[in-house]
Each structure stands twice: as structure tokens, then as C-alpha cells.
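As C-alpha cells, the structure follows; a few thoughts come after it.
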Amino acid sequence: MSGEKNNSVILETVDQNLVININNKRPEQKEEAGEDLSNPILAPYHRTLEYIERLPVLERTKTVCPECKLIVDGIIYRDGENVMIRKSCEEHGMTIEKYWEDYDMYMKMRDYNYYGRGFDNPNYINKGENCPYDCGICERHKSHTGLANVVITNRCHLSCWYCFFYAKEGEAIYEPTRDEIGHLFHVLRTQKPIPANALQITGGEPLMRSDILEIVGMAKNAGFDQIQLNTTGIILGENPELAIKLKHAGVSCLYMSFDGVSKRANPKNHWEVPKTIDACRKAGLGVVMVPTVIRGVNDHEMGKMINFALNNTDVVKAVNFQPVSLVGRMPARLREKQRISIPGAIKLIEEQTDGVIMKEDWFSVPYVGGINRFIEALSGEYKYDLSIHFACGAGSYIFQDPDGKIIPITRFVNVEGLFEHLQNAINEMEGKSKIERRVVAFRAMLQIRKFIDKENQPKSVNFSKLLMSLLMKRDFATMGKFQLKSLFLGMMHFQDEYTYDIKRVEKCDIHYSMPDGRVLPFCTFNVFPEIYRDKLQRQYAIPSQQWQEMHHDWTYASDKYKRDVKALEASDVYKKAYENMNDYFMLPVNTEQALINKSAKHQSNTARNVAVQMAAAGAGQSGKEEQHAEEGHGHSHGAEAEGDSCACGGKCGCGGNC
């Protein structure tokens, strides 16, 4: 297949700190003298308090002071295109942080927010009044476990500066026995009404355990349908036969770190990824690439990461971007410069793919709730449900034709219309007998075809048949067939002390199984390590001296990977992976479509701007009373009016961009 080749990676020089103690230094970002605070990225952090208090409020929540961790009130508000969160602590003053970098996307995603059913058997008996400081899966929690994390070691062969945790020199080693791990699996599989069925085995680096195959086998026998292995992939690249053994043991896919295509963006495993991909290709083991995205460090390579995945779709099934969680103290200006949210990343992907993948192609995770509820209404049984908070995650599917054409799912499926159609069927099924529900469901499924544009769907996909099969069979195998024909693009933004929103925590469905029997939301476990993660793991860990006595040849240094850059760059698999890539976004079949997309988007934006201006003119005619007729809910886009007016003096038709 023809396409523009990308040889630039090979020409880079090797930065320091890439051979031993790999990736343990934060990349430098120098603060420039007289930095322009009117820069749209920095400006929302530097408004006057008077200005901020006039901006329209969208939500109120509880959050924490990032300094003392005191529970305080949080206000989520609109600042131009940005959605911000502010909080005030009596001792440490005001903190302002970006929540989402696109107001329109925020409002679109919020429409699909809904509550899940939580747990019939919460493993922590309280009502969560002191959330997040009395945390377990309690009566307040509103989502079942969608993905369970079980930590099997805190040892790691790398030393990444942004990592949530790994055992540093002199620290105790947390490595639960297989019996203890079996208990963690049991806790997850006995949850009601929906046992955890997707598991991520994580660390540290889980492949450092010599009994990893036995642990995977235990997970399979416990009944988990999907077993992910969270790894850098480096050990598999060095030991390709292990990939085959893991596949046979029951691993569904690797959840593999991948922070960029270039050496500079991805010092963690740039050199080793080609060998890992090759090992997984031979083993028939799928890979989910997981970039941690940091503004100013590797955010410029998101399009290249997707392109790398498109060059390896026989192995790579998804790219799941994770905007960095800035846990811990750091200088305010550095935090402002490195912060990137889900919409911020999505808009950069649109730029970097030249409009082939657009902002409008993405949906928040709860969008799929319509499919889940349809299946439940049809079957009369509780089903796996993704009811997380709309601001936690987003995704899209893209398909690839034989000629290299990239087709996002929204080009041939009316996604919003389809979900509305399914919801109408759900409403109709309510209160009916099983036979009557099936009649309604069958009638609804016959109409699914009208939401699918057959002329524009990928040549290799009969989407209506795939969707009908998914709705009828309702299992992971059917979903797997769908994913074999597509590349999933995901976003998952975990919280930190600055962005913390307790409404998000109580809907979290990514959970950690703890050694004391509790199950915790991800953003409690990792944001408050001194209370949960580190405290519990120290309690159940083995002191380093005792660990050394048990493992005579072991030292912290012996765990660390040592890289031979020259040998890796000289390998054929490395050269093939990076020198011979097609640039799919530059193929004529995609650039032509991108121009059409841009033109359609420009026309849509123009029409929207005209409508906004007309609304503003109308607001001036009808007066402020009509704008704020309903106290606290007068903003034209659903924002809550703060006091007497929003920033534009009450003329909300301007969209708040005053």
C-alpha cells in the first residue's frame, strides 16, 4: 500500500536517562519570562475573583483542598469554551482547575448521564457521608465493577516519574501470595447483582512474577470473561515465547504502555515496542496501547500514535489515551501547562489527523447505556453496565477499508438516533410480559437498518448484522467479533486532588480489590495513597530486608531493565516498525474526505453562530426577566445563574463568551 513514509524517528538523538533507571525524570518545561497569560490555555487560571464569580455555574459538588485534603464545596462553571472547577479552603485559599476543555462537548455528553444500579451486597456498610475518607463500595456507590484491578506486585523494572507507584530503594515489597490473590478474585466474582467479569492484572510490572501463568489460570478458573495484563511489554519482547503461554493461560489482551512514536516522547518503551508487537502477532494476542498524555510532552504525537496502531491493526485493537493525572504537589504554573483534559486531547487528534477523526466522532461512555438497558429489558436479566460519570471517559470506533480509507463509526451510523430509538423501545417494554417484550424488541431491531448508511459503511462490515448479533447473543464473544473489524479509540481521565469531584467517584466502575477485602474506586485508591493504596500495601507488604533474605540474589538494582539502544535500533523488527509505516492520514482517499468533513463542519458552525447571534438579539428585546425566569436555571444552555447575572450581564444568548 502506498503512503508517505515516516523516517524521522530514526534520526533522533538519544536523550539522557534512557538506558538505566529508565524514564525517572520529569521532562523539563522552562517558564519563559513575561509569559503571555492571555494564552487561551493559561488564561482561565488567571481571572480575577470578581470575574470568575460572575461566570455561569453548571454544577455544584463536593471536592477536596489539594493542600490539606479537607472536604470543601466545588463549583463547576463555564469560562468561554472551557469548563472549570473552583474550590476554596479557609486555610489555603482558592484553587482553580480545568475540568473539561470544551463546553459544547460537556453539555452534549452530560445529556447521556444516568445512574447505574450499584451493589446489592456492598462490602462496606455505611452511607458514605464522609466520602472519600470512609471509602469502600458502600450504599452510596452507583455503578457495579466494570473493570477490576488486582495488584500482584509493586516491583517494576522501570522508574517512571509519573507512575502511581512502584517499589523504590528501601521500600517494602508488596507481592500477595496466590492464596491471597485467590481471595481477591473471590470477592470480585461474588458481587451482586453483577459479578465482576473483566479483570486487569496490574502492578508494578506483573510480568516480574515468576508465577504469572498460574495467576492468569486462577483468574480464568474464577470465571472472568476478559483478562487484561497491564504491562510495559518489555519482558514479552525479550521473551516472545511467554506471549504464547499467556495467551493459552487465558490472557485476553495486553494493556500496554505506549507514550508516543518518537524516542523523545516515549523514553519508556519506544525501542522495545516493535519486539513486543511482533511477539504478540505470533502468539495471536491482542494489544491495547495506553498513552499517558501530558500537554507539552507528548500531546503532539496522538495522531502519530493512532497511525502506528493503524499500521498494526492485526495486533493492536485499541488506543486508550489517558490524560495525565497530576497527583501530588507541583508548581502551579507547571500544572497549568501540563494539564490536558479529554476534550483537549480530542481536539488535538482532530488537528493531527487533519480532520479525518473529528470531535463529533466521540461519545462519552454512558452512551452505550441504551444498548445495555435494551438487552436487559429484552432478557429480563441484569447485564454488564457502563454507567460511569460522563466526564470520566469517551470513545469512538474507526474502521479501515482495504484502500486505507479511515471511516469513523459516525460516518455511517446515526449514533444518537439509534440510541434514542433503543430508549423508546425500552420505555415501551416496561411492565410487559417476556413475550410482549420480545415482540417490541424484534420490531425495534427490524428498524435498526434505517440508522445505518450502507453506502458509506466500510466494505468489510455488515454493521446492521453485527449489531443485531450483539443485541441477540449478548456476550463478550460477539463484542470481540465487532472489535476485530475496528480500532477502538478511548479516553479515560483519572482524577487528582485538583480536579476531584465526588459525583464522579460515586459513579466510578474501575475498582481495586484490596487485601483487606474492600473494593475501592480507582480515584480514591490512587488520589489518597496515604489513606488507602500505600497504607494498605505497607500493612500487607514484606520489609525489604526480609524480602532479600527470602530471595538471596535479589536487589532493587537487579530488578531494573538495562537497555542496549544500539542493538535494538539495529534489529530488523525495529526498522520495519518505524521506517516502513504508512501515513494513513496523508493518503488521498483520506485527505479528500477530510476536506468534505471540514466544509460540512464549517457550515454547521456558521449556522450555529448565526443562531447564537439571533438569540442574543432576542434576549436584548425580551429583557433579562425572561432569561432568568426560573431561579438558578436561567442560562440558555442549562447553566445555573450565579447571583443576578452571568459574565455578560444576563444576556445569555451570547453563549457566555463575554
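Model, not experiment: these values are computed from the prediction. One-based numbering along the sequence shown.
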Under 3.5 Å: donor-acceptor pair, side chain of Asn221, backbone of Gly217: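 Yes; judged by distance alone, with no hydrogens or angles, the pair exists.
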
Side-chain H-bond candidate by donor/acceptor type, [X] with [Y], under 3.5 Å:
X	Y	answer
Tyr45	Glu97	yes
Asp509	Ser143	no
Thr61	Asp501	yes
Thr232	Ser257	no
Gln495	Ser325	no
Glu301	Ser262	yes
Asp516	Tyr540	no

Glu101/Lys98 under salt bridge (charged side-chain N to carboxylate O under 4.0 Å, His left out): CA gap, chis, key distance, verdict: CA-CA 7 Å; Glu101 291 171 281; Lys98 282 182 182 172; 3.5 Å; yes

side-chain hydrogen bond (donor to acceptor under 3.5 Å, both in side chains) against Lys62, all qualifying residues, sequence neighbours excluded: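 side-chain hydrogen bond (donor to acceptor under 3.5 Å, both in side chains) list for Lys62, sorted by chain: Asp73.
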
The single option from Arg339, Arg335, Arg504 passing salt bridge (charged side-chain N to carboxylate O under 4.0 Å, His left out) against Asp496: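 Exactly one pass, corresponding to Arg339.
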
Centroid separation Tyr574 to His270 less than 6.0 Å: yes

Salt-bridge present (Lys275, Glu272; N to O < 4.0 Å):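 Judged by the 4.0 Å cut-off on N to carboxylate O distance, Lys275 and Glu272 do not form a salt bridge.
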
Presence of salt bridge, Glu175 and Arg155, under 4.0 angstrom: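 Here Arg155 pairs with Glu175 in a salt bridge, since their nearest N and O are under 4.0 Å apart.
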
Tyr561 and His157 aromatic ring geometry - parallel, tilted or perpendicular at 30°/60° bounds: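 His157 and Tyr561: tilted rings.
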
